[in-house]
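Numbering of residues begins at 1 and proceeds along the displayed sequence.
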Amino acid sequence: MILRTCVVCKGKFEQKELLRLKCEEKKLLFYNNYGRSFYICSDCQTMLQSDINGKDFKRIEKSLCKECKNKDKYVTQLKEMLTDVR
């Protein structure tokens with residue numbers, strides 16, 4: 001069993017339980033088998049879809065900016081992606 005790490009909460013999960021994303025040209029995209037990617041667990045996805053407080057928002061924003069290596073509106077992009085998927 002191969003475990004992957006959620007970039008937000010740093011929890012270890014099986015790959016099938018996680019959402020796999022990548023960053024390309026300052027945009028978040030679903031992973032398309034090309035380039036570097038990262039994972040977000042379902043708990044963090046749920047937290048993002050509910051009303052999150054400033055502390056949680058900053059934590060998610062910080063981890064997404066770290067993965068994408070720049071500052072942009074990644075949390076907003078991720079929220080939009082999650083609402084389109086569900």
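The CG atom of Asn32 sits 11.0 Å away from atom CG of Leu21, with the distance rounded to the nearest 0.5 Å. In this structure, Leu28 CG and Leu64 CG are separated by 6.0 Å, a value rounded to the nearest 0.5 Å. Lys62 contributes atom NZ, which lies 8.5 Å from atom NZ of Lys71 (distance to the nearest 0.5 angstrom). Between atom CE of residue Met81 and atom CD1 of residue Ile40 there is a gap of 8.5 Å, rounded to the nearest 0.5 Å.
Cluster annotation: Leu82 is not connected to Tyr39 through the hydrophobic network of ILVMFWY side chains, with a link wherever side-chain heavy atoms come within less than 4.5 Å. Val7 and Leu29 are members of different hydrophobic clusters when ILVMFWY side chains are connected at heavy-atom separations under 4.5 Å.
Scanning both residues, Ile60 and Met47, for their nearest heavy atoms gives CD1-CE, 3.6 Å.
The side-chain heavy atoms of Thr76 and Glu80, taken from C-beta on, include a pair separated by under 4.5 Å. Considering only heavy atoms from C-beta on, Phe13 comes within 4.5 Å of Cys41 through its side chain. Arg20 is not listed as a side-chain neighbour of Arg4, based on a closest heavy-atom distance of 4.5 Å or more. Contact check for Lys22 versus Phe30: no side-chain heavy atoms found under the 4.5 Å cut-off. Here the side chains of Tyr31 and Leu19 are not in contact, with every heavy-atom distance at 4.5 Å or above.
The pair Glu67-Lys69 does not count as a salt bridge, with every side-chain nitrogen at least 4.0 angstrom from each carboxylate oxygen. Look at Lys27 and Glu25 and you find no salt bridge, because none of the NZ, NE, NH1 or NH2 atoms lies under 4.0 Å from a carboxylate O.
For the pair Glu14 (side chain) and Leu3 (backbone), a donor-acceptor distance under 3.5 Å is absent.
No donor-acceptor contact under 3.5 angstrom links the side chains of Lys10 and Thr5, judged on distance only. Side-chain contact, Glu24 with Tyr34: no donor N or O sits under 3.5 Å from an acceptor N or O.
For the two cysteine residues Cys68 and Cys23, the thiol sulfurs sit under 2.5 Å apart.
Looking at Asp43, Asp56, Val8, Leu78 one by one, the single match for side-chain contact (heavy atoms from CB on, under 4.5 Å) with Leu48 turns out to be Leu78.
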